[in-house]
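Okay, so here's the structure we're looking at.
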Amino acid sequence: MDHPGNTDFDVKDRLAIINLCNAYASHFDKNELTSWFTLFTDNPTCIICLSDEPPVTVVGDAFKNLLSKYRGAMVDTGIQPLHLDTNLNILEQSGQHSTAEAYVMYMPLEIAAFNMTEKTLMETRVTGTARYTWDLVKAKDKIWRIDSYKIAYFQKVVEPSAV
């Protein structure tokens with residue numbers, strides 16, 4: 001791995017990679033699944049690692065079906081997800097491949113809580129903190145896409161403490 005301060009990379013590609021990683025959270029949180037799925041290759045792989053269970057791997061149509069059902073259930077129950085991704089780090093970048101990583105705090109907020117003057121942990125339960133690692137590829141159309149990614153949860157649920 002090159003030094004993180006190295007400037008020997010294509011700047012336009014770097015900006016596209018950063019934008020792609022940020023768009024992942026933005027499109028999902030806005031329930032723009034049609035746009036969200038365009039961020040991926042035709043046959044993406046997603047590995048979900050919970051803190052206390054074996055990893056789950058979904059590929060291609062199984063990935064699309066699982067995430068569509070998951071996001072649909074949020075809409076049905078009045079939950080608004082919020083991905084807070086920070087510390088985006090490009091671990092590797094070549095002409096056609098990149099690996100990026102970010103820490104993510106994922107919060108599903110009850111939509112009704114947005115109308116309250118005070119929000120507490122009870123109303124806005126934090127669901128998890130994770131490290132996302134994306135493997136990205138640049139296709140022949142010169143657009144970067146997510147080929148595979150891993151969500152490694154550090155915590156599944158943080159419950160409010162009694163105060």
Side-chain angles (χ1 to χ4, degrees), residues 1-75 79-109 124 126-158:
M1 179 174 124
D2 288 331
H3 187 279
N6 183 12
T7 59
D8 188 24
F9 58 82
D10 184 286
V11 175
K12 290 191 322 188
D13 281 345
R14 177 64 56 99
L15 291 173
I17 290 164
I18 292 168
N19 195 46
L20 176 62
C21 293
N22 289 330
Y24 171 93
S26 179
H27 287 305
F28 189 84
D29 292 350
K30 291 178 184 176
N31 197 27
E32 299 172 344
L33 287 188
T34 301
S35 297
W36 190 71
F37 285 127
T38 68
L39 305 177
F40 298 89
T41 60
D42 290 336
N43 199 37
T45 299
C46 176
I47 303 167
I48 303 167
C49 303
L50 300 177
S51 58
D52 58 353
E53 296 177 21
V56 173
T57 301
V58 287
V59 180
D61 289 338
F63 162 73
K64 292 176 182 176
N65 291 335
L66 178 70
L67 273 293
S68 293
K69 287 178 184 175
Y70 181 58
R71 191 61 180 92
M74 290 178 187
V75 171
I79 299 296
Q80 173 59 54
L82 179 62
H83 286 80
L84 303 173
D85 53 343
T86 64
N87 300 356
L88 180 64
N89 187 15
I90 311 303
L91 301 174
E92 172 188 348
Q93 179 184 337
S94 67
Q96 306 303 117
H97 179 262
S98 181
T99 303
E101 187 172 79
Y103 293 105
V104 176
M105 180 184 296
Y106 175 76
M107 299 174 65
L109 303 175
T124 58
V126 176
T127 298
T129 56
R131 176 182 291 137
Y132 281 47
T133 305
W134 293 279
D135 285 318
L136 314 163
V137 294
K138 186 176 178 182
K140 291 180 183 179
D141 62 3
K142 297 185 180 184
I143 294 177
W144 286 90
R145 291 187 176 83
I146 302 165
D147 188 46
S148 68
Y149 72 111
K150 178 179 174 181
I151 304 170
Y153 283 100
F154 300 126
Q155 300 169 301
K156 281 199 299 186
V157 177
V158 177

Item to complete: Could you check if a side-chain atom of Tyr153 sits within less than 4.5 angstrom of a side-chain atom of Ile48, using non-hydrogen atoms only?
Response: yes
Worksheet item: If every non-hydrogen atom of Asp10 is compared with every non-hydrogen atom of Gln93, which pair is closest and at what distance?
Response: O-NE2, 3.1 Å
Response to the item:
In this structure, CG of Leu136 is separated from CD1 of Ile143 (nearest 0.5 Å) by 13.5 Å
Worksheet entry | Distance in Å, Gln80 CD paired with Lys30 NZ, rounded so as to fall on 0.5 Å steps | 10.5 Å
Discussion item. With a 4.5 Å cut-off on side-chain heavy atoms, are Tyr132 and Cys21 touching?
Written reply: no
Response to the item:
Nearest heavy-atom approach of Trp144 to Ala16 is CD1-CB, 3.9 Å
Practice prompt. Kindly indicate whether the side chain of Leu33, heavy atoms from C-beta on, has any atom under 4.5 Å from the side chain of Leu67.
Written response: no
Discussion item. I want to check something: taking the side chain as every heavy atom from C-beta on, are Pro44 and Ile146 in contact at a cut-off of under 4.5 Å?
Written reply: no
Practice prompt. Mark yes or no for whether Ser26, through its side chain, and Asn22, through its backbone, hold a donor-acceptor pair below 3.5 Å.
Written response: no
Worksheet item: What pair of heavy atoms forms the shortest contact from Pro55 to Ile47, and how long is it?
Response: CB-CG2, 4.0 Å
Worksheet item: Counting only N and O atoms by type, is there a donor-acceptor contact under 3.5 Å from the side chain of Ser98 to the main-chain atoms of Glu92?
Response: yes
Worksheet item: Tell me, do Asp42 and Arg145 make a side-chain contact under 4.5 Å, heavy atoms counted?
Response: no
Worksheet, complete the sentence: Minimal heavy-atom distance between Lys138 and Asp13, with the atoms involved, is NZ-OD1, 3.0 Å
Item to complete: Taking atom NZ of Lys150 as the centre, report whether more than 12 heavy atoms of other residues, nucleotides or ligands fall under 6.0 Å from it.
Response: no
Practice prompt. Working to the nearest 0.5 Å, report the span between CZ of Arg131 and CG of Asn89.
Written response: 10.0 Å
Practice prompt. Considering non-hydrogen atoms only, spot the tightest contact between His83 and Val104 and give its length.
Written response: CD2-CG1, 3.9 Å
Discussion item. Measuring from atom CG of Leu84 to atom OH of Tyr103, what distance do you get when rounded to the nearest 0.5 angstrom?
Written reply: 16.0 Å
Discussion item. Using side-chain heavy atoms (C-beta onward) and a distance below 4.5 Å, is Val137 in contact with Gln96?
Written reply: no
Practice prompt. State, yes or no, whether a side-chain contact exists between Trp134 and Leu20 at a heavy-atom distance under 4.5 Å.
Written response: no
Worksheet item: Once the angle between the rings of Phe28 and Tyr24 is folded into 0 to 90°, is it parallel (under 30°), tilted (30 to 60°) or perpendicular (over 60°)?
Response: parallel
Worksheet entry | From CG (Asp135) to CG (Asp147), nearest 0.5 Å | 7.0 Å
Practice prompt. Over all heavy atoms of both residues, which pair between Asp29 and Arg71 is shortest? Give the atoms and the distance, please.
Written response: O-NH2, 3.1 Å
Fill in: From Ile90 atom CD1 to Asn6 atom CG, the distance as rounded to the nearest 0.5 Å
13.5 Å
